[in-house]
Amino acid sequence: MTKEEVNKADINFKVRAHLMFVLADIIDTLVGECETYLPKNIVMNKQVKSSLQKLKQRTEKTVQFVDKVVSYDNAVAFGDDSDYLREVILTLTDRVGDDRELEIKALSMIKAMKSQVNLEI
């Protein structure tokens with residue numbers, strides 16, 4: 001492997017690893033939000049709450065792991081990235097709904113932007 005290939009692989013790995021931890025933090029946040037939206041009188045409430053609690057326990061472990069192995073500033077950066085990406089996902093979901101054409105259009109608009117990192121997508 002050339003040095004350029006190694007560097008590209010390193011960047012792609014780091015971004016994907018970072019994204020895994022960010023997504024775990026987003027899931028952790030969304031679980032908490034779902035719990036607040038879950039009506040108290042739904043029959044499947046206990047099953048849904050149990051599933052959400054199990055998911056929250058798993059994601060909390062991931063978030064705690066990140067907090068232990070990175071510096072405080074990096075942990076804050078993870079949190080900021082998580083908040084940003086959560087907002088992007090929710091906004092995009094709100095704007096395109098179930099419209100496949102709008103999904104394709106939105107993705108095309110994003111892909112038309114100049115790459116900042118040159119990731120393999």
Side-chain angles (χ1 to χ4, degrees):
M1 261 185 159
T2 67
K3 185 175 181 176
E4 183 179 311
E5 290 171 326
V6 170
N7 287 340
K8 188 173 183 177
D10 184 55
I11 289 169
N12 276 282
F13 170 80
K14 286 179 180 176
V15 168
R16 283 164 171 79
H18 180 82
L19 186 56
M20 284 187 302
F21 294 123
V22 166
L23 289 171
D25 190 42
I26 291 170
I27 291 169
D28 188 57
T29 300
L30 291 173
V31 167
E33 292 174 356
C34 282
E35 289 172 336
T36 66
Y37 289 116
L38 187 65
K40 294 184 179 0
N41 60 354
I42 290 182
V43 173
M44 63 180 187
N45 191 22
K46 287 183 182 180
Q47 292 173 327
V48 172
K49 276 190 174 182
S50 175
S51 295
L52 289 174
Q53 192 58 36
K54 287 177 186 174
L55 184 57
K56 189 167 183 72
Q57 289 170 351
R58 290 181 183 128
T59 58
E60 280 178 343
K61 287 180 183 178
T62 303
V63 172
Q64 289 169 357
F65 169 77
V66 171
D67 288 343
K68 286 180 185 176
V69 298
V70 300
S71 69
Y72 173 78
D73 289 341
N74 282 340
V76 170
F78 272 106
D80 291 344
D81 290 349
S82 297
D83 294 343
Y84 166 76
L85 188 54
R86 179 193 153 279
E87 185 175 354
V88 168
I89 293 167
L90 289 174
T91 302
L92 188 58
T93 301
D94 178 64
R95 300 310 188 267
V96 303
D98 291 333
D99 188 326
R100 184 69 178 147
E101 286 183 30
L102 283 177
E103 289 174 353
I104 292 167
K105 183 178 178 182
L107 184 58
S108 294
M109 291 170 64
I110 294 169
K111 286 183 173 183
M113 297 170 67
K114 185 179 183 306
S115 174
Q116 301 297 308
V117 186
N118 294 317
L119 292 176
E120 293 176 8
I121 308 287

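Heavy-atom minimum distance, Glu35 versus Leu52: CG-CD1, 4.0 Å. Taking every heavy atom of both residues into account, Ala106 and Val96 meet most closely at CB-CG1, 4.1 Å. Residue Val22 comes nearest to Ser82 through the heavy atom pair O-OG, 3.4 Å, listed as atom of the first residue, atom of the second, then distance. For the residue pair Arg100 and Glu103, the shortest heavy atom distance occurs at NH1-OE1, 2.9 Å. Leu102 and Arg95 get closest at one heavy-atom pair: CD1-O, 3.8 Å. When all heavy atoms are compared, the tightest approach of Glu120 to Asn12 is N-OD1, 2.9 Å.
Tracing side-chain contacts under 4.5 Å through hydrophobic residues (I, L, V, M, F, W, Y), one reaches Val69 starting from Leu23; they form part of the same cluster. Cluster membership check: Val70 shares its hydrophobic cluster with Phe65, using side-chain heavy-atom separations under 4.5 Å among Ile, Leu, Val, Met, Phe, Trp and Tyr. Cluster membership for Leu19 and Phe21, using ILVMFWY side-chain heavy atoms within less than 4.5 angstrom, is shared. Note on Met109: it does not cluster hydrophobically with Ile121, by side-chain heavy-atom contacts below 4.5 Å among ILVMFWY residues. Using a 4.5 Å cut-off between side-chain heavy atoms of Ile, Leu, Val, Met, Phe, Trp and Tyr, with links allowed through other members, Val48 and Ile27 fall into the same hydrophobic cluster.
In this view, Tyr84 satisfies the ring-ring contact (aromatic ring centres under 6.0 Å, His included) rule with no residue, not counting sequence neighbours.
A 6.0 Å sphere centred on CZ of Arg58 holds no more than 12 heavy atoms belonging to other residues, nucleotides or ligands. Around the CD atom of Glu5, the shell of radius 6.0 Å holds more than 12 heavy atoms that belong to other residues, nucleotides or ligands. Around the CD atom of Glu87, the shell of radius 6.0 Å holds no more than 12 heavy atoms that belong to other residues, nucleotides or ligands. The local environment of CG in Asp94 is crowded, with over 12 non-hydrogen atoms from other residues, nucleotides or ligands closer than 6.0 Å.
Between Leu30 and Arg86 the shortest side-chain heavy-atom distance falls below 4.5 Å.
Distance check: Ile11 CD1 to Arg16 CZ gives 11.5 Å after rounding to the nearest 0.5 Å.
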Name each donor-acceptor pair under 3.5 Å that joins a side chain in residues 73-81 to protein atoms two or more places apart or in another chain, with its distance.
| residue | atom | partner | partner atom | Å |
| --- | --- | --- | --- | --- |
| Asp81 | OD2 | His18 | NE2 | 2.6 |

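Residue pairs that meet the ring pair (Phe, Tyr, Trp, His ring centres under 6.0 Å) test with at least one member in residues 91-121, sequence neighbours left out, do not exist here.
The closest donor-acceptor contact from the side chain of Thr59 to the backbone of Lys56 lies under 3.5 Å.
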